[in-house]
There are 2 protein chains.
Amino acid sequence: MASEQSENYLKNIYKLSSGEGKVTTSSLSDKLQISPASVSEMIKKLAEEGTLTHTPYKGVELTDEGKKLALRIIRKHRLWEMFLVEVLHFRWDEIDDEAERFEHIMSDKMEDKIDHALGHPLIDPHGDPIPTKDGELKCPMSHPMSDVRAGSTVRVVRVSDSNSEMLQYVASIGISLNKEIHIKQKMNFDNSMLVKIDNNEFNISSIIASNIFVENV
Amino acid sequence: MASEQSENYLKNIYKLSSGEGKVTTSSLSDKLQISPASVSEMIKKLAEEGTLTHTPYKGVELTDEGKKLALRIIRKHRLWEMFLVEVLHFRWDEIDDEAERFEHIMSDKMEDKIDHALGHPLIDPHGDPIPTKDGELKCPMSHPMSDVRAGSTVRVVRVSDSNSEMLQYVASIGISLNKEIHIKQKMNFDNSMLVKIDNNEFNISSIIASNIFVENV
DNA sequence: AAATAAAATTAGGAATGCCTAAATTTAACT
DNA sequence: AGTTAAATTTAGGCATTCCTAATTTTATTT
Ligand SMILES: [Mn+2]
Ligand SMILES: [Mn+2]
Ligand SMILES: [Mn+2]
Ligand SMILES: [Mn+2]
């Protein structure tokens with residue numbers, strides 16, 4: 001049985017590698033807020049357990065078993081986020097911390113019950129795809145709103161869940177999944193954009209725009 | 001902040017003392033399935049933290065702060081059990097293990113959301129009272145079915161949640177909360193009882209009968 | 001009151017998983 | 001190519017929380 005912390009390592013290695021390729025000690029250290037020395041030690045243990053391969057000084061890569069475990073944690077995390085929003089009426093900016101702990105203690109039985117209660121959802125409240133039980137993960141095509149040309153209208157399909165304050169802010173100006181946004185103008189001096197949402201106009205910084213993923217409409 | 005395991009100690013000390021009085025090292029050791037030596041060590045730490053008082057070789061007693069913490073864990077445990085049954089349709093014999101882990105990671109915000117979603121329930125699926133947020137716990141009057149005289153009819157108000165197999169068995173013969181049971185006969189040679197439930201007759205061992213709590217009807 | 005049994009505590013040690021500081025390896029720059 | 005800087009790993013420690021074995025205290029019997 002993988003410990004709670006092992007599961008966090010595996011999940012974050014998967015995320016940093018986007019499913020494929022090597023991940024460095026320092027990027028993991030940054031993401032987990034754990035010293036590089038401690039990360040290096042844990043990596044050694046995970047390599048012994050067979051969930052990843054380690055090329056010293058070069059980085060780590062998940063084995064098939066490690067990938068499967070990582071996707072299972074991600075599935076539990078996202079199902080739980082969905083449940084918090086749909087059933088307990090949490091806001092999308094309140095759920096990541098709760099799911100971060102719960103993903104590790106959710107039994108397989110509970111995973112099934114929640115999946116069923118929600119009607120087998122395909123995405124979580126931030127638009128992130130929910131892996132299937134056997135580790136399939138389809139990433140829907142989308143691009144950051146910061147890349148969209150002025151004049152076009154787009155639909156929100158995903159918002160990065162990395163920052164709760166940002167989620168709360170974009171919700172407050174009317175942004176939610178599937179919302180249509182019209183890009184009126186792009187400012188050259190700071191790459192911010194002037195957008196129209198529900199007939200209200202807002203200026204959105206390039207950083208925020210790069211956290212909102214859209215498809216053409 | 002109390003660790004997960006500290007919380008288990010406090011909760012079980014509370015339960016063993018029924019709210020008041022001293023608890024011995026060995027009874028805790030039995031209940032938690034942890035060696036007496038380890039229990040003795042942990043007790044020393046909890047005494048330093050101020051959640052209990054320890055009289056060496058005599059036993060421990062929760063302080064007011066320890067009692068408050070214990071009741072809060074019990075509240076979270078029972079609310080979560082209720083939620084598992086009412087919302088996710090778990091059976092009453094499947095929920096204790098899940099709640100045992102979840103009681104420690106449930107945030108106060110989530111405690112409130114669940115309490116609200118359930119309409120502020122007063123008892124859990126086994127009939128155990130749910131403490132209020134500020135530590136009030138009313139124990140409804142009831143007595144074990146093993147004490148009931150032959151010929152009387154009683155209503156089930158609580159079933160001990162200590163054994164999952166027993167819970168599953170008593171459910172299979174039709175016993176649930178509020179069910180009426182008629183005591184037809186008490187066997188002297190083994191103290192078992194012949195009872196009538198929904199027009200079916202069953203022989204119930206004295207041990208099982210002592211785990212079912214009833215009120216007169 | 002002394003011997004024995006039971007309960008509780010202390011001693012010494014193991015596994016996890018974190019840290020800082022030191023050493024090593026790799027990468028980048030004259 | 002040689003020096004410096006950055007990334008990584010190793011060394012040595014610490015906090016938790018468990019264990020078994022040994023010791024101490026309390027309770028029970030003769
Ligand atoms: Mn986590
Ligand atoms: Mn999410
Ligand atoms: Mn517990
Ligand atoms: Mn219960």
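Note on naming: letters A, B, ... go to the chains in the order of the sequence lines (proteins, then strands), and numbering restarts at 1 for each one.
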Identify all side-chain donor-acceptor contacts of residues 43-60 of chain B below 3.5 Å with residues at least two apart in sequence or on another chain.
unit_1 : atom_1 : unit_2 : atom_2 : d
B/T51  : OG1    : B/L46  : O      : 3.3
B/T53  : OG1    : B/E61  : O      : 3.3

*Taking protein heavy atoms under 4.0 Å as touching, what does nucleotides 14-24 of chain D look like 5' to 3' if B marks base contact, S marks sugar-phosphate-only contact and - marks none?*
---BBBBB--B
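Side-chain contact check for B/S107 and A/E98: at least one donor-acceptor pair (N or O, by modelled atom type) lies under 3.5 Å. A side-chain donor-acceptor contact under 3.5 Å links A/H104 and A/N8.
Applying the salt bridge (Lys or Arg N to Asp or Glu O under 4.0 Å) definition to pairs two or more places apart or across chains, those involving residues 131-140 of chain B are B/D112-B/K133.
Atom CD1 of residue B/I73 and atom CD of residue B/E4 lie 9.5 Å apart, to the nearest 0.5 angstrom.
The side-chain contact (heavy atoms from CB on, under 4.5 Å) test applied to A/P140 returns A/P129, not counting sequence neighbours. Legend: residues meeting salt bridge (charged side-chain N to carboxylate O under 4.0 Å, His left out) with A/E20, ordered by chain and number and at least two apart, are A/K67. The ring-ring contact (aromatic ring centres under 6.0 Å, His included) check on B/Y14 picks up nothing, with sequence neighbours excluded. Residues meeting the salt bridge (charged side-chain N to carboxylate O under 4.0 Å, His left out) test with B/D93, sequence neighbours left out: B/R91. Not a single ring-ring contact (aromatic ring centres under 6.0 Å, His included) links A/Y9 to another residue, sequence neighbours left out. Shown here are the side-chain hydrogen bond (donor to acceptor under 3.5 Å, both in side chains) partners of B/K76, two or more places apart in sequence or in another chain: B/D108.
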What's touching nucleotides 27-29 of chain D from the protein side, N or O pairs under 3.5 Å?
unit_1 : atom_1 : unit_2 : atom_2 : d
D/dA27 : OP1    : B/K58  : NZ     : 3.3

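Interface limits on DNA chain C: the 5'-most and 3'-most nucleotides within less than 4.0 Å of chain A heavy atoms are C/dG17 to C/dA27.
Listed by residue number, the members of residues 24-32 of chain A with any heavy atom below 4.0 angstrom from DNA chain C form an empty set.
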